[in-house]
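Notes follow once the structure below has been shown.
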Amino acid sequence: MPDHSRRVYESMLEMSSNVDNPTPLVRLRRSVPFQHTQVYAKLEWYNPFGAVKDRVAWSLITDAEARGVKLENLVEPTSGNTGMGLAMVSNARGYHFSATLSSEIPLEKRSALRLFGTSLIELKDELCPMPGQPEGAMAKAAELGAQPGWTSLNQYKNPANPEAHFRTTGPEIWRQTDGKITHFVAGLGTCGTITGVGRFLKSKNPDVKILGAHPTQGHDIPGVRSRRALALTDFFKPEEYDGVFEITDEEAYGLCKRIIQEESIIAGPTSGMALAGVLKSVPDAPGNVCVVVFPDNAFKYMSSFQRHLPELFPSPAAPAPVAKPFEAQLDAVVAFAENSPDVITPAEASRLVAAGATLLDVRSPEEIRRLGISNTLDVPLAVLTSGATQLLPTDYDAPIVTLCALGKRSLYALLLLKARGYRNVKSVAGGIQRWSEGGLPTISEP
Ligand SMILES: Cc1ncc(COP(=O)(O)O)c(C=O)c1O
């Protein structure tokens with residue numbers, strides 16, 4: 001027998017929960033409005049593989065072993081948590097585990113199952129496998145389980161499921177509350193939890209109220225069943241409970257956020273749903289002690305949280321602008337310069353030239369021969385860029401007007417001259433073409 005006070009174990013399986021090694025009960029203080037009723041959450045992710053279902057997985061397998069069933073290939077219809085428990089117990093025991101499940105199960109859960117060594121058979125089904133679907137997860141598991149060398153333990157029909165809770169969860173709660181529990185609340189999936197715990201607690205004190213919470217039809221809360229699906233669930237025994245309450249996705253996710261942010265408890269969506277059940281069903285009265293099951297923690301459900309708590313997950317920032325190639329960046333500089341006040345019309349240029357500005361034509365001699373303007377200083381752009389400055393005015397304040405065919409090379413020349421220190425440079429917009437179109441004087445080869 002391991003000494004749980006030291007928490008030193010020879011194998012993970014020794015950590016399985018029972019009355020000597022219970023999962024914690026933690027009092028909820030801020031997310032419940034009660035003055036008198038004490039509410040304790042039972043944190044089921046403290047089971048060895050992360051969920052309430054570890055109890056069921058352990059019970060299903062040890063029960064089959066005790067009955068002498070030869071286990072080799074196990075197959076189970078599962079929404080995730082039972083699968084994870086079965087996968088890990090199978091790893092420890094040397095069995096191979098396959099899960100049939102809905103392809104709608106969150107990616108995080110499917111990935112975890114794969115990581116845990118499970119073969120996944122994904123099918124069209126509801127989040128919690130629905131009975132009566134010939135193509136669904138349950139039918140497929142039954143079909144495979146009937147093959148030689150295969151076993152389907154079937155948590156939906158196997159009494160070892162509620163039995164796990166009758167033997168462990170119930171006695172833990174009874175002892176942890178010193179028998180003072182008055183209300184027990186659980187979310188409803190296979191109903192193993194509520195039925196097993198409920199039977200144990202009622203056997204101790206028939207006055208303990210057993211209350212269930214379930215989602216609405218078409219819900220988005222993995223692991224639990226709507227009322228319609230519950231009607232087809234073997235361990236759903238409403239006659240043994242004191243009430244069953246329907247909870248919306250909004251209520252469940254909203255409360256889950258509060259549990260996390262106000263209680264510092266890392267609960268998953270069905271914990272929010274179960275707490276919503278508490279708020280709907282448990283009166284505030286002295287002496288009331290309520291225990292609510294929190295089946296697993298938040299980390300497997302980030303995609304569900306993103307859908308239901310969009311305020312916590314702002315849409316990703318607009319992608320950073322893609323860096324343009326260097327030439328394109330230079331073109332952008334030139335385009336920007338084109339709108340500078342130093343780019344002037346041919347008419348303005350002509351007035352400056354008349355007033356004494358140097359008209360610097362940066363085209364090639366050939367272009368200038370075809371169409372030119374008298375009294376220009378002709379220095380091709382290629383010559384300017386190679387550093388020839390001897391032809392330029394020596395006075396850096398001397399007015400210079402640059403010119404080319406269409407206004408682009410003259411702009412380069414303007415930028416170049418300014419970089420060289422010339423302070424009074426303008427460029428002719430549209431070049432000699434617009435100059436001549438504007439009727440200003442030109443000269444051309446005869
Ligand atoms: C996350 C989660 N919450 C609650 C439940 C419901 O538990 P039970 O199947 O014992 O009704 C399940 C069952 O799969 C579950 O996975």
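As the structure lists them, so they are numbered: ligands from 1, and atoms in each ligand from 1. As a basis for the values below, the full set of heavy atoms in this structure was taken, side chains included, without hydrogen atoms, waters or symmetry mates.
Ion pair Glu240/Arg199 flagged as a salt bridge, since at least one NZ, NE, NH1 or NH2 atom sits closer than 4.0 Å to an Asp/Glu carboxylate oxygen. Using a cut-off of 4.0 Å between Lys/Arg side-chain N and Asp/Glu carboxylate O, Asp249 and Arg307 are scored as not salt-bridged.
Shown in contact with Asp296 at under 4.0 Å from a heavy atom are these atoms of ligand 1, numbered in order with element: 1 (C). Below 4.0 Å from some heavy atom of Tyr301 lie the following atoms of ligand 1, by number and element: 1 (C). Close approach of ligand 1 to Gly187 (heavy-atom distance below 4.0 Å) involves ligand atoms 6 (C), 11 (O). Heavy-atom contacts of Gly192 reach the following atoms of ligand 1: 10 (O), 11 (O) (cutoff under 4.0 Å). Taking every heavy atom of Thr190 and a limit of under 4.0 angstrom, the matching atoms of ligand 1 come to 8 (P), 9 (O), 10 (O), 11 (O).
Here's the thing with His165: none of its N/O atoms is less than 3.5 angstrom from an N/O atom of ligand 1. Close N/O approach between Pro222 and ligand 1 is not found [any backbone or side-chain N/O within under 3.5 Å]. Between Pro295 and ligand 1, a contact under 3.5 Å exists for no N or O pair. Polar contact with ligand 1: absent for Asn161 (N/O pair, distance under 3.5 Å). Where the criterion is an N or O separation shorter than 3.5 Å, residue side chain and backbone included, Val224 fails it with respect to ligand 1.
Residue contacts with ligand 1 for Phe294 are absent, since no atom lies close enough (heavy atoms, distance under 4.0 Å).
Residue contact check for ligand 1: Gly268 places no non-hydrogen atom closer than 4.0 Å to it.
Between Phe200 and Phe166, the ring-plane angle classifies as perpendicular under the 30° and 60° cut-offs. By the 30° and 60° cut-offs, the orientation of the rings of Tyr253 relative to His308 is parallel.
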| task | Test salt bridge (charged side-chain N to carboxylate O under 4.0 Å, His left out) on Glu239 and Lys202 and set out the steps. | result | CA-CA 13 Å; Glu239 66 282 5; Lys202 293 252 189 209; over 6 Å; no
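Closest heavy-atom approach to atom 10 (O) of ligand 1 among the candidates Ile221, Thr193, Thr233: Thr193.
Minimum interatomic distance between Arg420 and Gly387 (heavy atoms only, all atoms of both residues): NH2-CA, 3.2 Å.
No side-chain donor-acceptor contact under 3.5 Å links Ser31 and Glu262.
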